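Below is one structure, written out as structure tokens; the observations come after it.
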Amino acid sequence: MTTLPPSSYHLLRIDSSARVQGSHSRELGDRFERAWRERFPNAKITHRDVAMQTVTHIENMTIAGMFTPPEQHNAEMTAALVQSDTLIAELKAADALLITVPMYNFGIPSSLKAWIDQITRIGHTFSFDGSNFAGLLKGKKAYIVIAYGAGGYAAGGGFAAANFVEPYLKFLLGFLGFDEVITYNDEATNTNPAGIAAMHAAIASQMDATLEGVRT
Ligand SMILES: Cc1cc2nc3c(=O)[nH]c(=O)nc-3n(C[C@H](O)[C@H](O)[C@H](O)COP(=O)(O)O)c2cc1C
């Protein structure tokens, strides 16, 4: 049983499939969102679609600004950090994070990586004291829906070694301080409709079970 404070209603949802119609990760994200609203009727849900509204890649001046103390920022650095500031504030304001993500070429879409590169920032979402790193996003849970065209990505499966989505996102969010990262793996989306329907039903049950365990 997980206990969250009453403020734990604010969910930030990040969608990253380049597909709008027929996207399995988005469909299951909608399912999760409905369950979240049922569980927390007063929930605030913030949406960010990194496929439809492109996050800029970090550039030379973004990195210079990230590693320069704020009081020494010049105008160029300040401007280059606006998107990072906005995305980090949005993430910090949320109590929980939902990411919906397709596997592209065994990894995450570049649109989601661009978001990650903007929010993974020293002094803001993680710290380093010269010897140790610490995550600064404490007291938050993350839920990740992953859609894979093929099957066999779970531990022991034929493609397990090629899963650079689930282990990466789990590690990254843990590094940033998330208390818990829960994944829903929607495998073999390129197969027959009956198999897909069965997989979606199983994931819907997993989602309900996950949220059943969250108490305010
Ligand atoms: C550009 C691209 C690359 C893909 N690469 C992989 C892959 O490496 N492994 C895999 O199992 N499926 C791969 N797929 C299939 C997608 O993971 C699958 O269609 C998934 O359902 C996409 O998510 P969506 O339904 O939310 O759009 C790829 C699809 C696209 C469009």
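Computed from a predicted structure; not experimentally measured. Excluded from the calculations below are hydrogen atoms, water molecules and symmetry mates; all remaining heavy atoms, backbone and side chain alike, are included. Atoms within each ligand, like the ligands themselves, are counted from 1 in listed order.
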Exercise. If hydrogens are left out, which of G22, S16, S25, S17 has an atom nearest to atom 27 (O) of ligand 1, that is, the closest non-hydrogen atom?
Worked result: S17
For this session: For P102, counting its heavy atoms only, list the atoms of ligand 1 lying under 4.0 Å from any of them.
Result: 22 (C), 23 (O)
Problem set entry | Per-residue contact class, H24 against ligand 1 - non-hydrogen pairs under 4.0 Å | both
Exercise. With hydrophobic residues grouped by side-chain heavy-atom distances under 4.5 Å, do L112 and L176 end up in a single group?
Worked result: yes
For this session: Answer yes when D30 and R26 have at least one side-chain N-carboxylate O distance shorter than 4.0 Å, and no when they do not.
Result: no
Exercise. Where on Y153 is there a heavy atom closer than 4.0 Å to ligand 1, on the side chain, on the backbone, on both, or on neither?
Worked result: side chain
For this session: Write out the residue and atom name of the closest protein heavy atom to atom 8 (O) of ligand 1, then the distance separating them to 0.1 Å.
Result: F106 N, 2.9 Å
Exercise. Counting heavy atoms not belonging to F171, are there more than 12 under 6.0 Å from its CZ?
Worked result: no
Problem set entry | Shortest reach to atom 30 (C) of ligand 1 by a heavy atom, considering only Y104, Y148, F164 | Y104
Exercise. Which residue holds the protein heavy atom closest to atom 19 (O) of ligand 1, what is that atom called, and what is the gap in Å?
Worked result: N190 OD1, 3.5 Å
Exercise. Will you find, in the side chains of H10 and T46, an N or O donor that is under 3.5 Å from an N or O acceptor?
Worked result: yes
Exercise. Going by the atom numbers of ligand 1, which of them fall below 4.0 Å from some non-hydrogen atom of N105?
Worked result: 3 (C), 4 (C), 5 (N), 6 (C), 7 (C), 8 (O)
Exercise. For Y143, which of V181, T183, L211 qualifies under side-chain contact (heavy atoms from CB on, under 4.5 Å)?
Worked result: L211
For this session: Check each heavy atom of T100 against ligand 1 and say whether those closer than 4.0 Å belong to the side chain, the backbone, both or neither.
Result: neither
For this session: Compare R26, Q21, E27, M103 and give the one whose heavy atom is closest to atom 17 (O) of ligand 1.
Result: M103
Problem set entry | Per-residue contact class, T189 against ligand 1 - non-hydrogen pairs under 4.0 Å | side chain
Exercise. Do H200 and D186 get their side chains close enough for a donor-acceptor pair, meaning under 3.5 Å?
Worked result: yes
Problem set entry | E38/R34 salt bridge by N-O under 4.0 Å criterion | no
Exercise. For atom 12 (N) of ligand 1, which protein heavy atom lies nearest, and how many Å away is it?
Worked result: G149 N, 3.1 Å
Exercise. Counting heavy atoms not belonging to N60, are there more than 12 under 6.0 Å from its CG?
Worked result: no
